[in-house]
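One is the number of the first residue; the rest follow in order along the sequence. The shown structure was predicted, so the numbers you read here are calculated from the model rather than taken from an experiment.
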Amino acid sequence: ARAHSGRDEIAIVDGSHAWLVDDAPRAGGPAMGSDARSSRAVAKGRGAFDAWFHSIPRNDANAFEELLCRRRDRIGALLIEPIPLSPAQPALDADTLASLRSLCDRFEVALIVDESATGFRIARGGAQQAFDVRADLCTFGPSLANGYPIAALAGSEPIMRRFGKQVAQGIGSAAHPLSLAVADKTLQLLEETDALERIAKYGSRMREGLSQVLTRRGIPHSLTGPPAMIRLGVSGLPQPVDGNRSVGERAFASALAPRLQASGILCEPDLDAPWFVSAAHNELCLAETLAKFEHATDAVLELQSGAPGRSARAAARRASAFASPS
C-alpha cells in the first residue's frame, strides 16, 4: 500500500493489529524491494517506527478525516479489523465503514481489511460481505484452510502488481502443498454446503446457553461478536476477603480457561480471544460444552470459600456424564 501510494504513514483503527515487515534487501540476496517505500522506512531505524502510525478511535470517521486533512500527502493506507479479537473493543458499525471507504476513495488511500479471523468464517465473503465494505487489500489466515497453517493476501490488481517490482514478499505461513489442497477443499465445502449456516445456528445456541449459566449465578457478562466467533466478557465480580483467592474479572477468566481445557473444552487460554465453533459440532457437543462450562464456572466462583457447593456438585455430575472431550 505504501509503495502504491507513495506515502509512508499508515492510519490504524483502534483494536486492529499491525505488523511491520522489514523487506530491505539482504546482503547477497535478491535486490527485490530495494526501492520500496517500506525499505526506506526500515532504514530510518526501529526507534522511528511510531512516527509512521496514527491511531484512529473506533467508529469515529471524523477523526480519520481530520487526520487526512492534516497529513493528506503522507497517509498511504488505513488498516481496519472490523471485528476485533478483544471484547473491550466494539465492532465497527456499517455507517462508519461506509464513511471510511468513502474517505479512502476521496483521499486515494488504500483500505486494508484484516480478515485473518473473520475470513471464510462469519460469511463466505468474510467481514467484507457481512459489513458490505470493499477492501483494496485484505489478509486471510488459517480459517481459509480449516485450521491448517496458511496465509493469503488479496487485493486490487494495481496494488498487487507491485509485488516483484517495488515490494518484496515476506510470509510466515508459506504456500505448502498440503495447506493449499486443504484450502481448496475447504472453499469448495463452504460454497457447496450449509456449513456456515450450521455454524451460525450452533454458535447462537451456545451463546444463549453460556449466558443462562452466568445469569443464574448473578454474573454480569457480555457475549459479543458473530455466532461463529463469540467473545466472552465478565464484569462486576465480587472480590473475596482472602487475597490469595481473588476471582475478580481478570482472575475469573484466567482461572476458567484452564479448567475448561482440562475437561476437554478447547477454548483459548485468554478468554479475551473468541470462542470458535465448527460445523462438526453437534447436539452432544453443545450439551457437553454447557455442562462443563457450568462446572468450571462454579469451581472458579467457589475459590472464594474453598468448599464445593451443591450447584458445583450437580454440575460436576452432569459434566462427568460425557466421556469424550469436544
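- F252 is listed as a side-chain neighbour of L301, based on a closest heavy-atom distance under 4.5 Å.
- A donor-acceptor pair under 3.5 Å is absent between the side-chain atoms of S102 and the main chain of A98, judged by distance alone.
- If you take CD on E208 and CD1 on I230, they are separated by 11.0 Å, rounding to the nearest 0.5 Å.
- Residues that satisfy the side-chain contact (heavy atoms from CB on, under 4.5 Å) test with R161, not counting sequence neighbours, are E157.
- Inter-residue side-chain proximity for R231 and S222 is flagged as unmet; no heavy-atom pair is nearer than 4.5 Å.
- Looking at T289 and Y202, their side chains come closer than 4.5 Å, going by heavy atoms from C-beta outward.
- Listed here is the closest heavy atom pair of V167 and A3: CG2-CB, 3.5 Å.
- One distance of note links CZ of R121 with CD1 of I83; it measures 10.5 Å at 0.5 Å rounding.
- Within the 4.5 Å cutoff, the side chain of V13 has no heavy atoms near those of the L79 side chain.
- The side chain to side chain donor-acceptor pair (under 3.5 Å) search around S55 returns D14, not counting sequence neighbours.
- R217 places a side-chain N or O within donor-acceptor distance of the main-chain N or O of V213, the cut-off being under 3.5 Å.
- Counting heavy atoms from C-beta outward, V113 and P82 have side chains that approach closer than 4.5 Å.
- Hydrophobic clustering (ILVMFWY, side-chain heavy atoms < 4.5 Å, transitive): L210 and V300 are in one cluster.
- Judged as a side chain to side chain donor-acceptor pair (under 3.5 Å), and not counting sequence neighbours, the contacts of E81 are H17.
- Between the side chains of E115 and T118, at least one donor N or O sits under 3.5 Å from an acceptor N or O.
- Going from atom NE2 of H4 over to atom CD1 of I159 covers 4.5 Å, rounded to the nearest 0.5 Å.
- Shown here is Q129, whose CD atom has more than 12 heavy atoms of other residues, nucleotides or ligands within 6.0 Å.
- Under the 4.5 Å side-chain criterion, counting only non-hydrogen atoms from C-beta, V109 is in contact with L68.
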>> Pair F120, T186 - check side chain to side chain contact (heavy atoms under 4.5 Å, CB included), show working.
In response: CA-CA 9 Å; F120 309 106; T186 298; over 6 Å; no

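- Remark: L97 CG to I80 CD1 distance equals 5.0 Å, nearest 0.5 Å.
- S5 places none of its side-chain heavy atoms less than 4.5 Å from the side chain of E108.
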Could you tabulate the donor-acceptor pairs under 3.5 Å formed by side-chain atoms of residues 69-76, not counting sequence neighbours?
unit_1 : atom_1 : unit_2 : atom_2 : d
R71    : NE     : E9     : OE1    : 2.8
R71    : NH2    : E9     : OE1    : 3.4
R71    : NH2    : E9     : OE2    : 2.7

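- There is a path of hydrophobic side-chain contacts, each under 4.5 Å, that joins L153 to I10.
- Between W275 and L223 there is no side-chain heavy-atom pair separated by less than 4.5 Å.
- When atom types are taken as modelled, the side chain of S263 and the backbone of L260 share a donor-acceptor pair closer than 3.5 angstrom.
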>> As a quick check of understanding, evaluate side chain to side chain contact (heavy atoms under 4.5 Å, CB included) for V234 and L256, giving each step before the final call.
In response: CA-CA 11 Å; V234 296; L256 183 65; over 6 Å; no

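- The side chain to side chain donor-acceptor pair (under 3.5 Å) check on R207 picks up nothing, with sequence neighbours excluded.
- Contact between A77 and I112 at its shortest, heavy atoms only, is CB-CD1, 3.8 Å.
- By the salt bridge (charged side-chain N to carboxylate O under 4.0 Å, His left out) test, E197 pairs with R124, sequence neighbours left out.
- The minimum heavy-atom distance linking A273 with E268 is given by the pair CB-CG, 3.5 Å.
- The line from NE2 of H281 to CG of L286 is 10.0 Å long, rounded to the nearest 0.5 Å.
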Identify all side-chain donor-acceptor contacts of residues 139-150 below 3.5 Å with residues at least two apart in sequence or on another chain.
unit_1 : atom_1 : unit_2 : atom_2 : d
T139   : OG1    : D114   : OD1    : 3.2
S143   : OG     : G119   : O      : 2.7

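- Annotation: the span from H295 atom NE2 to L290 atom CG amounts to 15.0 Å, rounded to 0.5 Å.
- Applying the side-chain contact (heavy atoms from CB on, under 4.5 Å) test to A63 and every residue at least two apart in sequence or in another chain returns I56, P57, D60.
- Contacts of R101 classified as salt bridge (charged side-chain N to carboxylate O under 4.0 Å, His left out), with partners at least two apart in sequence or in another chain: D105, D136.
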> Does the side chain to side chain contact (heavy atoms under 4.5 Å, CB included) test come out yes or no for F276 and L266, once each step is laid out?
Replying inline: CA-CA 9 Å; F276 297 116; L266 303 181; over 6 Å; no

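- Applying the ring-ring contact (aromatic ring centres under 6.0 Å, His included) rule to pairs touching residues 55-80 yields nothing, sequence neighbours excluded.
- Heavy-atom contacts from other residues, nucleotides or ligands closer than 6.0 Å to CZ of R198 number more than 12.
- Residues passing the side-chain contact (heavy atoms from CB on, under 4.5 Å) test with Q188 are K185, E192, sequence neighbours excluded.
- Here D132 pairs with nothing under the side chain to side chain donor-acceptor pair (under 3.5 Å) rule; sequence neighbours left out.
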